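Have a look at the structure below, then the notes.
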Amino acid sequence: MEQRNIGTEFQDQFNDVVSRLQSKKLFQTDWDIAAFAVFFIFIGMVLLLVVLVLIRCCCCCCCDETRIKFNF
């Protein structure tokens, strides 16, 4: 019974996406635009952090045997 509900919900969402694509109006409300912007800002920040970590690991002299220790 619940499997059918999940199937019908998925079908409804799929039909909604297809109808939005056909009408060429993906963002129906201001909340859609805001959610889209927040999502891509989040993805951009994650990718930026990954790039910074890769730069730090690959380009810096982290393989140096003589490390500088800071005493605080």
Side-chain angles (χ1 to χ4, degrees):
M1 186 79 170
E2 195 168 312
Q3 187 76 348
R4 182 178 175 155
N5 288 340
I6 293 172
T8 56
E9 286 180 24
F10 179 75
Q11 184 69 27
D12 291 342
Q13 289 178 353
F14 180 76
N15 289 337
D16 185 43
V17 169
V18 170
S19 67
R20 286 185 185 192
L21 287 174
Q22 287 175 345
S23 69
K24 296 181 181 176
K25 188 174 182 182
L26 296 175
F27 305 112
Q28 294 181 352
T29 64
D30 290 339
W31 285 107
D32 291 343
I33 296 169
F36 184 77
V38 167
F39 175 74
F40 275 102
I41 289 170
F42 174 75
I43 295 298
M45 293 302 288
V46 169
L47 290 176
L48 177 67
L49 288 174
V50 168
V51 168
L52 289 174
V53 166
L54 289 175
I55 289 172
R56 170 118 168 89
C57 290
C58 297
C59 296
C60 291
C61 298
C62 60
C63 299
D64 228 1
E65 291 180 14
T66 58
R67 294 187 180 179
I68 299 172
K69 292 184 179 180
F70 295 104
N71 294 325
F72 290 105

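No experiment lies behind these values; they were computed from the predicted model shown. Only heavy atoms go into these numbers, but all of them, side chains included; no hydrogens, no water, no symmetry mates.
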What residue among Ile55, Leu49, Val53 forms side-chain contact (heavy atoms from CB on, under 4.5 Å) with Val51? Ile55

Any pair counted as salt bridge (Lys or Arg N to Asp or Glu O under 4.0 Å), so long as it reaches residues 28-50, sequence neighbours left out: Arg20-Asp32

Residues which pass ring-ring contact (aromatic ring centres under 6.0 Å, His included) with Phe40, listed by chain and number, not counting sequence neighbours: Phe36

Sub-3.5 Å donor-acceptor pair from the side chain of Asn15 to the main-chain atoms of Gln11, do we have one? yes

Using the side chain to side chain contact (heavy atoms under 4.5 Å, CB included) criterion, which residues pair with Ile43? Sequence neighbours excluded. Phe39, Leu47

